[in-house]
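Some notes on the structure that comes next.
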Amino acid sequence: MVSKKIKYGAIICFFLFFFLGPYWILLTHFSLSIETSKQELSIVIYNTLFQAVGSGLVSLIFGVLGGLGLLWLSRVMSHQSYYWVESMILLPNLLPSLFVILSCLGLLAPFPFGKGGVILIHSLINVGLVSILFRRIALVKLGRIGDLSLVEGAGFWQFFKTGILGYLKIELLFLFLFVFSSSMMSFNVPYMIGGPSGATLEVLIFEKLMIHQNWSEALGLSLIQMLLIGCVSFLSHQWHEDWDNRPSRTILELIEWKWGLIFPLLAVGIVFYSPLRSIPNGLRQLEALNFSMMELLDPIYKSFQLGFWGGVILLIFSLLACLTYEAPLLKIFSHVYVSPGPVLLGFAFFLIQPKLSSFFMERDQQLNEFLIVLGLAILFFWPLFRLALAAPLKNLQNQIQVAQVLGASPYAILTRVLFPQIVPQVAFLCGIGSMWICGDFALSKMMSSGDYHLAPMIKSLASSYRLDAAQLLMLILCVLSLALFTFWWRLGHVFSRKFKL
Amino acid sequence: MVVTRYKFLILSTICLVGIHYFLNSVKPHSLKPMKPDLIIYSYSSFTAKWGPGPLIKKKFEDRCHCKIELREIDDARMLVQRLALEKERAVADIVLGINQWDLVDAQEKLEFSREHWPSEMNLKDPQWRSELGNPGELVAFDWGILTFNTKKDLKIAKAKNLKEFLNLLPEKSLVLQDPRTSAPGQSFLNWLVQVLGEEAAFDYLEKLNKKVYAITSGWSSSYGLFQKGHVQSVFSYVTSPLYHVVEENDKNYVALNFQEGLPLHMEFAGVMKSSRNAAMAKEFIQFLLSSEIQALLMKKNYMFPIDKKVAENTLWDIESKFKVLPVSKISKEDQDRILERWTQWSRKR
């Protein structure tokens with residue numbers, strides 16, 4: 001019993017070390033303060049909330065309509081074909097936000113820079129995911145009522161009002177909060193699109209660090225941001241139960257609306273039309289810039305490495321979290337933890353980099369690569385955990401308790417109970433994490449002083465408005481991301497079969 | 001079935017190892033990690049593949065048989081901030097691109113090699129020397145004149161002063177740069193204050209508000225928006241139209257000449273005190289001032305050479321066509337106050 005407690009304690013300490021470490025580094029160097037004028041702070045908080053609420057509402061409205069379309073599509077299509085359409089609709093949410101930004105800049109002229117532009121990009125990113133989740137929730141919650149209402153002769157609007165707006169109020173609120181919190185934490189979109197008038201808390205933190213070098217204030221502001229996001233995360237964690245349950249029904253004919261499909265498909269169209277159209281011009285631009293194949297292969301390979309090792313770190317974090325998930329402290333931690341954001345995390349690493357340099361025998365480039373991978377894994381792990389693993393683990397708690405009562409060791413529980421059932425989810429987490437990590441430019445730009453990976457290279461091309469070349473490289477990054485996802489997904493598939501045997 | 005899944009694992013591993021070895025074996029020598037003799041920090045349009053940095057680097061490397069590393073910081077305005085942050089790490093030997101507005105800040109926050117350059121070298125023009133004073137450890141290596149750029153066939157091309165420009169400019173048709181992160185943006189704001197006075201400058205900004213389409217963090221993205229036709233005008237260099245003539249044979253771009261006079265933007269380079277190779281760093285600065293590199297900077301950076309003779313009888317010999325304001329200095333307190341007012345204005349837009 002004691003050794004089990006020691007093991008759990010050690011793993012929890014490991015998590016606290018890595019996830020609270022950046023805060024600890026910053027707090028040991030600087031104190032907390034908020035000197036920003038009330039006026040500026042209120043404008044920035046207003047911007048943050050306005051963009052998050054706007055993104056949440058627009059995504060919810062069009063996502064629900066899209067969900068009604070998916071209900072129709074899932075009835076008329078084969079299961080396999082529907083799976084492919086769902087995966088395609090999910091792509092804008094899984095691809096790096098830079099991809100969506102560039103596509104919109106290339107397609108919409110004039111582009112609505114400012115708060116409107118930020119809401120537009122966030123909505124394009126989230127509408128597909130909301131559609132898919134809404135369809136699933138509707139089938140779980142309204143499946144049986146739908147059949148009864150159909151028999152009793154209820155109409156579309158009647159069922160829409162009483163069923164969706166009545167019975168699914170809480171679920172709709174949670175869907176809204178999901179988009180709201182991810183939009184609040186977004187840095188790339190408001191930084192590139194918002195401008196000074198659309199600056200959010202995350203952008204203000206960046207300004208305080210980079211322009212004013214006011215670390216104490218950046219920390220103070222991040223505390224405000226942390227409190228806001230922590231509250232939202234805590235409120236919305238319960239809804240995962242819903243979308244992990246398998247729907248009791250697969251048809252909800254009463255509220256199908258095939259035209260609703262236009263919205264998620266339009267988002268996919270907007271995101272992919274511009275990059276595909278820009279291939280010939282992009283090739284010409286790269287040629288004009290004298291980019292050789294070798295110069296492109298190197299950053300492609302480095303981005304792949306970044307994504308791959310990021311996936312490995314996420315895998316380690318996932319396995320440790322699975323082992324100790326029943327510990328109450330870790331449960332609470334997984335619900336309320338808010339990562340410091342790429343800006344603060346980058347600066348925390350910036351502070352310890354010289355001290356770590358000696359451990360890496362002054363191989364600064366390798367150290368930076370390691371810190372980028374670790375930092376991105378820290379940034380993405382808990383949001384991914386909540387998305388992919390929290391609900392399945394919660395559902396497995398009974399089985400774990402039974403195994404413990406029967407005297408199974410933690411290793412046996414992991415390999416015999418947990419692993420066979422959660423391998424696909426762990427692989428999904430690692431795959432999505434790899435995709436996000438390989439597409440990040442915020443931390444890479446901050447930590448390394450050159451464009452060694454594809455994403456920062458794309459950011460540089462986009463900043464100098466060589467959009468066609470940037471979009472062409474973005475397509476390559478997209479293929480690379482999908483290859484990484486497939487790698488982890490297939491690996492998960494292989495292992496889940498092995499454990500089933 | 002068993003074969004398939006293990007085949008997948010084995011093939012994936014072989015592919016990864018193969019790619020790794022292939023890339024390492026075919027990498028040109030210059031890409032293989034090797035400790036650089038000089039590390040130079042500069043802004044992105046200088047270090048980018050399409051900027052003058054890589055060419056100058058190659059020429060100097062051929063001359064000294066050494067290795068130079070160019071490190072990129074987004075915009076010239078961020079150079080001082082970034083280097084101040086890296087104080088403890090102190091890896092930079094040379095910093096290239098500090099503008100005249102940031103001179104005081106740079107000299108306060110950073111430690112440059114104390115060896116002063118002869119004044120006729122660090123600021124060649126005697127008039128500038130009298131206006132700006134001796135920049136001490138820093139050496140000016142190129143300069144530019146800034147103004148609004150537009151296209152000849154547009155109405156605003158007729159604007160002769162700031163008032164006419166404001167009246168002729170349609171709504172949402174101007175792109176500006178953030179003066180807190182961009183050197184041209186800072187020049188624009190200080191120019192308005194210099195020619196109009198602080199209060200009138202912010203009144204002018206209020207009136208300009210409706211005409212501004214976007215404020216970008218750096219020059220490159222703002223010029224891109226102008227070039228792509230999203231806006232009618234951008235604050236840029238008087239040499240920007242030359243780029244379109246030389247590279248695209250397009251003579252439709254024009255830099256506006258204002259009766260109020262136009263601001264100067266001067267770029268300085270300095271050797272850091274912590275440089276591990278100060279002698280070579282000093283040699284590089286001297287190399288930067290040679291006629292060959294001055295001509296290269298002029299043609300690749302589209303800036304005026306500090307050695308004015310280099311521009312004579314070339315397309316860049318246009319300096320005298322513009323009314324230029326004296327090089328002004330601004331105290332740190334005044335600069336901070338003006339930037340704070342700008343922040344408040346831009347937040348409320």
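Numbers restart at 1 for each chain; the letters A, B, ... are given by sequence-line order, proteins then strands. Hydrogens, waters and symmetry mates play no part in the numbers below; they use all other heavy atoms, side chains included.
With hydrogens and angles disregarded, a donor-acceptor distance shorter than 3.5 Å links the side chain of B/Y213 to the backbone of A/F111.
Residues A/P196 and B/D178 form a side-chain contact, since some pair of their non-hydrogen atoms from C-beta on lies under 4.5 Å apart. Side-chain contact between A/S460 and B/K49: absent, with no pair of heavy atoms (C-beta onward) separated by less than 4.5 Å. Proximity of B/V175 to A/F113: side-chain heavy atoms (C-beta onward) are nowhere separated by under 4.5 Å.
By the 6.0 Å contact criterion, CD on B/E247 is enclosed, its count of non-hydrogen atoms from other residues, nucleotides or ligands being greater than 12. The number of heavy-atom neighbours closer than 6.0 Å to NZ of B/K59, taken from other residues, nucleotides and ligands shown, is 12 or below. Residue B/K299 places its NZ atom among 12 or fewer non-hydrogen atoms of other residues, nucleotides or ligands, all under 6.0 Å distant. Under a cut-off of 6.0 angstrom, the local environment of NZ in B/K151 is crowded, with over 12 non-hydrogen atoms contributed by other residues, nucleotides or ligands.
Annotation: the span from B/K228 atom NZ to A/L105 atom CG amounts to 10.0 Å, rounded to 0.5 Å. Taken to the nearest 0.5 Å, the CE atom of A/M192 stands 8.0 Å off from the OG atom of B/S221. B/Q344 CD to A/E40 CD: the interatomic distance, rounded to the nearest 0.5 Å, is 7.5 Å.
Residue A/L289 touches chain B through both its backbone and its side chain, counting heavy-atom pairs closer than 4.5 Å. Contact of B/T216 with chain A is not made at all, since no heavy-atom distance falls under 4.5 Å. Within the 4.5 angstrom heavy-atom criterion, no atom of A/I193 approaches chain B.
Ion pairing between A/K459 and B/E72 fails under the 4.0 Å rule for side-chain N and carboxylate O.
In terms of heavy atoms, A/P110 sits closest to B/H230 at CA-ND1, 3.9 Å.
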